[in-house]
**Student:** 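Encoded as structure tokens, here's the structure I'll be asking about.
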There are 2 protein chains.
Amino acid sequence: MSTRRDAVRQALTESSGFRSAQDLYADLRADGSKIGLTTVYRALQALSDSGQVDVLRTDEGEAVYRACDTESHHHHLVCRVCSTAVEIEGPAVEKWAVEMGAKHGFTGVTHTLEVFGTCARCS
Amino acid sequence: MSTRRDAVRQALTESSGFRSAQDLYADLRADGSKIGLTTVYRALQALSDSGQVDVLRTDEGEAVYRACDTESHHHHLVCRVCSTAVEIEGPAVEKWAVEMGAKHGFTGVTHTLEVFGTCARCS
DNA sequence: TCACGTTTTGACAATCATTTTCGTTTTCGT
DNA sequence: ACGAAAACGAAAATGATTGTCAAAACGTGA
């Protein structure tokens, strides 16, 4: 739809890692865009609502976003230094989570799982 | 050491779920304590630094704490409604995470994993 | 018990990411 | 081109968390 949202999506796509809203805003402005911070937040909200970008929280509680190749369920292997991420899958974990939930009487089970480390380039 | 820190630890222990600093502060004050919010944050910081309590972030980015039975590595099955949590282990997942890291050249691999659902009582 | 240096505490101010508010500008359909 | 609806952006508001700093509690040696 909007040119602004596309700009945000593209800024995100140009990075292979997770980026914060403030980050993206700074990048866009640095590239000459007159976009406002509010719009960046709105775009990211819309993109994550529609499942086009993944969101996760840093240890400090800041939200970071990533435009992933697939919209299907997956996890990430994230570099602690440069935040670059690789999409990974773990079928066994999915099953394990559901089983654990059932075992303790929990319904509607979901889970969050992220793997962190230092990538080859940053080592 | 301090009575204050013990008060926070106990307030946390009395709950089987994850609680936020603001939450604990409200509880303590409601119980008649004159403790300050700053002190609650300091106590939680110290307790988590020493590994006596586990911390995780809600979707909204708020930090929530829990006094777990074990200090060894484990994960949680958390009720989405009442936040009660059960400590769970997944040996297979631990190995999987490390393997995934190695496969992509990542070193110093760690991971975060939490399972969410609605507990039997809240269903 | 008293004086004094150290640690802990709590009221209040400062931060900082994120959200709201609210005019203004653009976009679209007709 | 025209008006309604959607998108924008600047600035103010929010809310959790942290920093500051003076007062209070503690411990200890005299």
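A quick note: this is a predicted structure, and the numbers were derived from the prediction, not measured. Numbers restart at 1 for each chain; the letters A, B, ... are given by sequence-line order, proteins then strands.
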**Student:** Using whole Å, report how far CZ of B/Arg5 lies from P of C/dT7.
**Tutor:** 13 Å
**Student:** Quick one: is D/dG9 close enough that its OP1 or OP2 comes under 4.0 Å of any side-chain N or O from A/Thr39?
**Tutor:** yes
**Student:** So that I know where these two stand, are B/His76 and A/His111 an aromatic pair - ring centroids less than 6.0 Å apart?
**Tutor:** no
**Student:** If C/dT30 has a Watson-Crick or G-U wobble mate with both distances under 3.5 Å, name it; if not, just say none.
**Tutor:** D/dA1
**Student:** Go through the steps for A/Tyr65 and A/Asp54 under the test side chain to side chain contact (heavy atoms under 4.5 Å, CB included), then give the verdict.
**Tutor:** CA-CA 6 Å; A/Tyr65 307 80; A/Asp54 284 1; over 6 Å; no
**Student:** To the nearest angstrom, how far is B/Tyr25 atom OH from D/dG15 atom P?
**Tutor:** 16 Å
**Student:** Within this structure, what is the NZ-to-P distance between A/Lys34 and D/dG9, rounded to whole angstrom?
**Tutor:** 11 Å
**Student:** Measure CG/A/Leu44 against P/D/dG9 and give the value in whole Å, please.
**Tutor:** 13 Å
**Student:** Round to a whole Å and report the spacing from CG of B/Leu28 to P of C/dG10.
**Tutor:** 10 Å
**Student:** Would you check if there is a donor-acceptor pair between the side chains of A/Ser50 and A/Gln52 at a distance under 3.5 Å?
**Tutor:** yes
**Student:** Quick one: do the A/Asp49 and A/Gln45 side chains pair a donor with an acceptor below 3.5 Å?
**Tutor:** yes
**Student:** What integer distance in Å separates A/Arg4:CZ from D/dA10:C1'?
**Tutor:** 14 Å
**Student:** Take the protein atom CG of A/Asp6 and the nucleotide atom P of D/dA6, then report the distance between them rounded to whole Å.
**Tutor:** 19 Å
**Student:** Are A/Gln22 and A/Tyr41 close enough that a side-chain donor and a side-chain acceptor fall under 3.5 Å?
**Tutor:** yes
**Student:** What does the B/S/- profile of nucleotides 15-21 of chain C look like, 5' to 3', with a 4.0 Å heavy-atom cutoff to protein?
**Tutor:** --SBBB-
**Student:** Consider only side-chain N and O atoms of A/His75 and A/Glu94, and report whether a donor and an acceptor are under 3.5 Å apart.
**Tutor:** yes
